[in-house]
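Each remark here refers to the structure printed beneath this line.
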Amino acid sequence: MAPTTSASVLTGEEESRNDEKLKPDTRAETYSQSHSETLSGINLTAAVFVAGAASSTAIGLVLSGLSWPWLITFVITVGIVLGTFIVYRHLEIIRRRHKPGGSWLIPSNTPQTNAAGTKVPNTTSLPAVYLIYILGSGGHTAEMIETIKQSFRGQANLHRRYIISIGDTSSLAKAHLLEATIKDAYPGEDAQAGTSDICLIRRARKVHQPLYTAPFTCLISALHAANALTRMPNARSTREHGKEFKYPHVIVTNGPANGFIVCFVAHLLKIFYLVPENRAKMVYIETWARSKTMSLTGKLFLKTGIADVVGVQHESLARMFKGSQYIGPVSAGFLRR
């Protein structure tokens, strides 16, 4: 499959000039917070805990009069019904995704062409384009930033949300720097740069964290992720077509754990009809460093089928893993220069 990437406004001499002009340690610290709003998942977490406590109390009062056999039967029945519903909805979402005419890519009468001469969908005429990028720290963040640079096309209807782990100051600085670079690419045309914000979530599992505590931190991370996925961007809420930004159109991740947690939560929200099926489409991009086998995160996306696209950057990898697609070296910018 031929690689497809969007047109880039941050390539060649302009990108080199911006890289020399902008220093991460200085511009990232002085970048205006009005262009990058930091959100948190604390409000949603508190609400969920309060609702959970209230519902548990109510259910407990109802079930307190039941004998143990009836109580066990009730719990098993609820579990079977809920499990059946989740499996059915999961398979239904996947079936509709692959149904003829059910593609989530919007056709365009006037497709745009990127620097490589590849035609890409033209989204400039849409009322809203809302993208979420998950910055996974370290090399994952560096590759995601490069992917954004190579595919970025400025348009006023675009909103970008960056999801970053709490405490990941390096990724936070890189996101601020990228937004400053995008703004500099459109001098005097702030609208064309679109809008952006940053959402901080709990890391699913820290390095050397005991495995027995991982389920608890993953749950907190999932609650934060639900908030990040459903909270409307403040920068768009009062503008024209503000309601169109209620849910993201596409979520892009290259791992590791937080990327899968966020996408898994997005899939659950669609299963329970809390997010429309035509929103929160998931694109997983395997790191360029993986040329012989896929990472654990990549294998999870393939096995579960929750991602709409699983992209790899080496043709040999696409041949080895059924269900993946070769998209070219989208995060290896040095190969393009």
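Below, each value reflects all heavy atoms present in this structure, side chains not excepted, and no hydrogens, waters or symmetry copies. Throughout, residue positions are numbered sequentially from 1 according to the sequence presented.
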Closest heavy-atom pair, A204 versus N258, reported as atoms and distance to 0.1 Å, is N-OD1, 2.8 Å
So which atom in A266 and which in A280 form the shortest heavy-atom distance, rounded to 0.1 Å?
CB-CB, 4.3 Å
Quick check: are there more than 12 heavy atoms from other residues, nucleotides or ligands sitting under 6.0 Å from CZ of F272?
yes
For E179 and K183, what are the C-alpha separation, side-chain angles and deciding distance, and is it a salt bridge (Lys or Arg N to Asp or Glu O under 4.0 Å)?
CA-CA 6 Å; E179 284 301 314; K183 183 181 177 182; over 6 Å; no
Side-chain touch F152/T181, heavy atoms, less than 4.5 angstrom
no
What's the separation between atom CG in N254 and atom CD in E143, rounded to the nearest 0.5 Å?
6.0 Å
Start with the C-alpha gap between Q155 and V129, add the side-chain angles, then the distance that decides, and say whether side-chain contact (heavy atoms from CB on, under 4.5 Å) holds.
CA-CA 9 Å; Q155 49 195 73; V129 179; 3.6 Å; yes
What do the steps show when you test F321 against T293 for side-chain contact (heavy atoms from CB on, under 4.5 Å), and what is the final call?
CA-CA 9 Å; F321 291 89; T293 185; 3.8 Å; yes
Crowded around F264 CZ? As in, over 12 foreign heavy atoms under 6.0 Å?
no
Sole residue of R279, R231, M232 in side-chain contact (heavy atoms from CB on, under 4.5 Å) with K246
M232
Are side-chain heavy atoms of C263 and T253 found at a separation under 4.5 Å?
yes
Sorted by chain and number, sequence neighbours left out, side-chain contact (heavy atoms from CB on, under 4.5 Å) with P215 holds for none
Taking all non-hydrogen atoms of both residues, which atom of T297 and which atom of A257 are closest, and how far apart?
OG1-N, 4.3 Å
So L158 and L131, side-chain contact (heavy atoms from CB on, under 4.5 Å) or not? Walk me through it.
CA-CA 8 Å; L158 173 63; L131 306 179; 3.9 Å; yes
Smallest separation among heavy atoms of A225 and I201, with atom names
N-CG2, 4.2 Å
same_hphob_cluster(L296, M320) at 4.5 Å side-chain heavy-atom cutoff
yes
Do the non-hydrogen side-chain atoms of V252 and I285 ever get within less than 4.5 Å of each other?
yes
Nearest heavy-atom neighbours spanning L126 and N157:
O-ND2, 2.8 Å
Could you go through residues 71-88 and list every donor-acceptor pair under 3.5 Å that involves a side-chain atom there, pairing it with any protein atom two or more places apart or in another chain?
unit_1	atom_1	unit_2	atom_2	d
T73	OG1	P69	O	2.8
T77	OG1	T73	O	2.7
T84	OG1	I80	O	2.7

With heavy-atom distances below 4.5 Å as the criterion, would you say the side chains of R97 and I94 are in contact?
yes
Output for pair (L229 CG, I163 CD1), nearest 0.5 Å, gives 5.5 Å
What residues form a ring pair (Phe, Tyr, Trp, His ring centres under 6.0 Å) with F260, not counting sequence neighbours?
F301
Residue among H140, R290, E286 satisfying side chain to side chain donor-acceptor pair (under 3.5 Å) with S295:
E286
Charged N to carboxylate O under 4.0 angstrom, K149 versus E146?
no
State, with a plain yes or no, whether a side-chain heavy atom of L178 is found less than 4.5 Å away from one of I148.
yes
Supply the atom-to-atom distance L200 CG to H224 NE2, rounded to the nearest 0.5 angstrom.
10.0 Å
Does any part of the side chain of V309, heavy atoms only, come nearer than 4.5 Å to the side chain of M282, both counted from C-beta?
no
Taking the side chain as every heavy atom from C-beta outward, state whether I251 and I134 have any pair of such atoms under 4.5 Å apart.
yes
Which value, rounded to the nearest 0.5 Å, describes the distance between Q325 atom CD and D308 atom CG?
10.0 Å
So NE2 of H159 and CG of N234: to nearest 0.5 Å the spacing works out to 9.0 Å
Would L91 and I306 show up in the same hydrophobic cluster when neighbours are defined by side-chain heavy atoms closer than 4.5 Å?
no
Check the side chains of R236 and T195 for a donor-acceptor pair under 3.5 angstrom, ignoring hydrogens and angles.
yes
Measure the spacing between CZ of R203 and OG of S221 and express it to the nearest 0.5 Å.
9.5 Å
For T141, which of S165, S170, S171 qualifies under side chain to side chain donor-acceptor pair (under 3.5 Å)?
S171
Could you check, using the six-membered ring where one of them is a Trp, whether H249 and Y130 have ring centers closer than 6.0 angstrom?
no
Test: R89 cationic atom under 6.0 Å from Y273 six-membered ring centre, within 45° of axis
yes
If you compare all heavy atoms of Y284 against all heavy atoms of M294, which two are closest, and at what distance to 0.1 Å?
CE2-CE, 4.3 Å
Using a 3.5 Å distance criterion without hydrogens, assess whether the side chain of K322 forms a donor-acceptor pair with backbone atoms of A318.
no
State, with a plain yes or no, whether a side-chain heavy atom of I182 is found less than 4.5 Å away from one of R160.
yes
Quick one: do V312 and I327 satisfy side-chain contact (heavy atoms from CB on, under 4.5 Å)? Show the steps, please.
CA-CA 6 Å; V312 296; I327 59 175; over 6 Å; no
